[in-house]
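Remarks on the structure that follows.
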Amino acid sequence: MAAVDAFDEVLVAGLLRPRPAQAAALSGLADAVAGSPLAARVAEAAEKTAAGAAGEDHFVALAAARTALLGSVHDALTTRVEEVTGRPRVEESVPAPGGPQAPNLLAAARSWLCDLARAGWQGVDHELVSASAPVVSAMLPDPALRRPATLLDGFAAELAASCPGATLERFPVRRWADLWSRALLLTLPGAADVPVTGTATGRLLPLGVDLHEHATAVQAQVHAVFEPADGTAPRLVRAGVSAPKPDTIVGAGLWQLLRPHMSLLAAAGEGRSMDLADMPVTAEGDLIWSDAYARPGEAVDAFATARVALSAASAPAAAPLDRHPARIAAPVFLEGYATRTDDEGALTLTIAGADFAVDADRIPTAGPLTPEAVATSNACIGLLRWDAGTFTVQPLAVETTVRKKAVAVHAGAWAGGTADKAGVKAEKAAADAAAVLRERAGRLLRK
C-alpha cells in the first residue's frame with residue numbers, strides 16, 4: 001500500500017516532467033512487482049517515465065502494476081473474510097479475453113487518459129477534460145463499450161467539477177488514481193468483456209439490494225443465494241442493472257430508471273424468490289440478467305435465508321480487474337450484537353468481542369432503512385467491506401422490535417414500488433423532474 005500511495009501522489013503533479021521525488025516513487029512501484037511477470041515491463045516503464053519519455057505502453061504498464069498490488073491486498077483481505085465467515089470459495093479459471101472491439105475508439109480513450117497522467121490532477125483544466133466528450137459520445141451507443149464509456153463519462157464529470165486543478169487544496173488522490181488506472185486497463189482489447197461461463201437453473205433467494213449512485217449513472221446490485229435445481233451446494237450470486245441518469249433525479253426516483261429493466265428488483269422489494277431457467281452466469285457469480293429466463297416464485301423471508309442458507313453458500317472468485325479492496329462486499333448475517341453511537345454519531349456493532357463500524361454513508365436515501373433503525377436493531381444482513389484500513393458493515397436489512405413484534409426494514413424495500421408516504425412523495429417528485437427533462441430534450445431535438 002505504501003508503494004501504491006507513493007505512485008498516487010505522483011499523479012497529482014503529473015508525469016510530463018517528473019521531479020526526483022516522483023522518480024523515486026516510480027522506482028518503488030517497480031521494486032514492489034520485481035518478483036512478478038510484470039517486472040521487466042514495469043521497470044522499463046518507470047525508467048522511461050522518470051526521464052519524461054513515457055509512451056502509452058509505459059503508462060499501461062504502470063497502471064497494471066498498481067492494479068496488481070491492490071489485487072494482492074484484496075486477496076489477503078478476502079482470505080481473512082473466509083476465515084471469519086467459514087465460507088468456502090469456488091476457484092474457477094477466468095476465460096481469456098476476446099478480440100479487439102472498436103480499436104480506434106479504445107485508442108482514443110487511452111490517448112486522453114495518457115494526456116491526463118502527463119498533466120496530473122494539478123494541471124487539469126476544462127480544455128483537457130472536454131477532449132474526452134467526443135470519445136465518450138462515440139463509445140456509449142455501442143453496448144460492448146458501454147462499461148469503459150460510463151467510467152470515462154463519470155470520471156470526466158468529476159474532473160470537470162473540480163477544474164481548474166491548480167486551485168484545489170485537496171485531491172481525492174486514491175479515488176482518481178483508481179479511476180485512471182481502471183479506465184486505462186479497460187481500453188485494452190477484450191479487457192471490458194464479461195464472458196459467460198455457464199447457466200443457472202434453480203431458485204434465487206434475494207438477500208438485499210445495494211444501490212450505487214453517481215451524478216451521471218446509477219446501479220442496483222441484488223445479492224442473493226442461488227440454490228441449483230440439481231441439488232448441488234448453494235452459492236452466492238449477484239445480479240445488477242445500471243442506467244445513465246441526470247443529476248436532478250435522486251433518492252427514490254432512481255428506482256424509476258432501473259425498475260423497467262429487471263423484474264428481480266420487484267421480487268426483492270416484495271420479498272419473493274425467483275425461479276431461474278438457463279440464466280447466463282459468469283465465473284465471478286454475476287447473473288447476466290434477462291427476464292426471459294426468470295419468473296416470480298414463492299414468498300421468502302430474507303432473514304430466514306440468511307439464517308439457514310447463507311453460511312453454507314460458497315463465494316465465487318473475483319475477476320482479475322475486480323481484485324481491489326474497495327470491491328470487497330461479502331454478504332454476512334449478524335445477530336445478538338450490541339450497538340453503540342459515539343459523540344460524532346458514528347455507529348458501531350459489537351459482536352463476540354469484535355467491533356464493526358457501520359458504513360452509514362452507504363445506506364441509500366431511496367429506501368426506508370435509516371441509521372436510526374440500525375441502532376435499534378438486533379439482527380442485520382449486510383455487506384462486509386474494507387475501508388481506510390478497517391472492516392466495516394454496510395447494512396442491507398435489519399430486524400428490529402416494534403411493539404413486541406419483529407419487524408424487518410430493507411434498504412431495497414421500495415425497489416419494486418411502495419405505498420409508503422415518503423416513498424410515494426419522492427417518486428412523484430422524481431417523475432415530475434423526469435417529465436420536465438424529457439420536455440426540454442424534446443424542444444432541443446425539434447430545433
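What you see is a predicted model; the values in this text were computed from it and never measured.
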Original post:
Is there a donor-acceptor contact under 3.5 Å from the side chain of Thr339 to the main chain of Ala375?
Top reply: yes

Subject >> Donor-acceptor contact below 3.5 Å, side chain Ser311 vs main chain Arg307 >> reply: no

Subject >> Least distance between heavy atoms, Leu211 atom then Pro364 atom >> reply: CD2-CB, 4.0 Å

**OP:** Quick one: which residue pairs count as a ring-ring contact (aromatic ring centres under 6.0 Å, His included) with a foot in residues 363-389, not counting sequence neighbours?
**Re:** Trp386-Phe391

Subject >> side chain to side chain donor-acceptor pair (under 3.5 Å) partners of Asp153, counting only residues at least two apart >> reply: none

Original post:
How far apart are the closest heavy atoms of Leu258 and Gln219, and which atoms are they?
Top reply: CD1-C, 4.3 Å

Original post:
Is there a side-chain contact between Ser377 and Glu399, using heavy atoms and a 4.5 Å cut-off?
Top reply: no

Subject >> Backbone N/O of Val300 and side chain of Ser273: donor-acceptor pair under 3.5 Å >> reply: no

**OP:** Using modelled atom types only, decide if a donor and an acceptor are shared between the side chain of Trp180 and the backbone of Leu113 within a distance under 3.5 Å.
**Re:** yes

**OP:** Would you mind reporting whether Phe59 and Lys48 have side-chain heavy atoms less than 4.5 Å apart?
**Re:** no

**OP:** Verify, without hydrogens or angle tests, whether Thr350 (side chain) and Ala354 (backbone) share a donor-acceptor contact under 3.5 angstrom.
**Re:** no

Subject >> Ion pair Arg147/Asp322, N-O distance below 4.0 Å >> reply: yes

Subject >> Summary of salt bridge (charged side-chain N to carboxylate O under 4.0 Å, His left out) pairs that have at least one residue in residues 362-390, sequence neighbours excluded >> reply: Asp210-Arg385, Asp359-Arg362

Subject >> Polar side-chain atom of Ser111 near backbone of Ala107 as donor-acceptor pair, under 3.5 Å >> reply: no

Subject >> Interatomic spacing from CZ in Arg235 to OG1 in Thr232 - rounded to 0.5 Å >> reply: 6.5 Å

Original post:
Hey, are the side chains of Val225 and Pro234 touching, using non-hydrogen atoms and a 4.5 Å cut-off?
Top reply: yes

**OP:** Please step through side-chain contact (heavy atoms from CB on, under 4.5 Å) for the pair Phe7 and Leu26, ending with a clear verdict.
**Re:** CA-CA 6 Å; Phe7 176 74; Leu26 292 168; 3.8 Å; yes

Original post:
Around atom CG of Asp57, are there more than 12 heavy atoms of other residues, nucleotides or ligands at under 6.0 Å?
Top reply: no

Subject >> CG-CE distance between Leu151 and Met139, expressed to the nearest 0.5 angstrom >> reply: 9.0 Å

Original post:
Looking at CD1 of Ile249 and CD of Gln256, how far apart are the two atoms once the value is rounded to the nearest 0.5 Å?
Top reply: 7.0 Å

Subject >> Taking every non-hydrogen atom, the tightest pair across Leu236 and Pro331 >> reply: CD1-CD, 4.0 Å

**OP:** Mind checking the OG1-CG spacing from Thr400 to Asn378? Nearest 0.5 Å is all I need.
**Re:** 6.0 Å

Subject >> Side-chain (Ser72) to main-chain (Leu69) donor-acceptor, under 3.5 angstrom >> reply: yes

Original post:
Quick check: does any side chain N or O of Tyr293 sit under 3.5 Å from a backbone N or O of Pro280, one acting as donor and the other as acceptor?
Top reply: no

**OP:** Of all the heavy-atom pairs spanning Ala191 and Leu321, show the shortest one and how long it is.
**Re:** O-CD1, 3.9 Å

Subject >> Heavy-atom check, side chain of Trp289 versus side chain of Val281, under 4.5 Å >> reply: no

Original post:
Just wondering, do Thr305 and Leu207 contact through their side chains at under 4.5 Å, heavy atoms?
Top reply: yes

Original post:
Under 4.5 Å between any side-chain heavy atoms of Asp291 and Leu264, yes or no?
Top reply: no

Subject >> Exercise: do Ser181 and Arg66 side chains pair donor with acceptor under 3.5 Å >> reply: yes

**OP:** Over all heavy atoms of both residues, which pair between Thr216 and Gly154 is shortest? Give the atoms and the distance, please.
**Re:** OG1-CA, 3.6 Å

**OP:** Taking salt bridge (charged side-chain N to carboxylate O under 4.0 Å, His left out) as the test, write out the residues that go with Glu56, two or more places apart.
**Re:** Arg110

Original post:
If only atom types and distance count, is the side chain of Gln394 paired as donor or acceptor with the main-chain N or O of Leu383 below 3.5 Å?
Top reply: no

**OP:** Would you please classify the geometry between the Phe303 ring and the Phe333 ring as parallel, tilted or perpendicular, with 30° and 60° separating the classes?
**Re:** perpendicular

Subject >> Test item: Val124 and Ser162 side chains (from C-beta on) under 4.5 Å apart, heavy atoms >> reply: no

**OP:** Mind checking the CG-CZ spacing from Leu11 to Arg118? Nearest 0.5 Å is all I need.
**Re:** 12.5 Å

Original post:
If every non-hydrogen atom of Ala224 is compared with every non-hydrogen atom of Leu204, which pair is closest and at what distance?
Top reply: CB-CD1, 3.7 Å

Original post:
Does the Trp414 side chain pair with the main chain of Ala366, one donor and one acceptor, at a distance under 3.5 Å?
Top reply: no

Subject >> Non-neighbouring partners of Asp5 that pass salt bridge (charged side-chain N to carboxylate O under 4.0 Å, His left out), sequence neighbours left out >> reply: Arg174

Subject >> Chi angles and distances behind the side chain to side chain donor-acceptor pair (under 3.5 Å) call for Asp355, Thr348 >> reply: CA-CA 6 Å; Asp355 290 338; Thr348 301; over 6 Å; no

Original post:
Atom OG1 in Thr49, atom CG in Leu29: separation rounded to 0.5 Å?
Top reply: 9.5 Å

**OP:** For Arg41, check side chain to side chain donor-acceptor pair (under 3.5 Å) against everything at least two apart and list the hits.
**Re:** none

Subject >> Criterion side chain to side chain donor-acceptor pair (under 3.5 Å) on His58 and Glu47, from CA distance to verdict >> reply: CA-CA 9 Å; His58 298 124; Glu47 181 181 348; over 6 Å; no

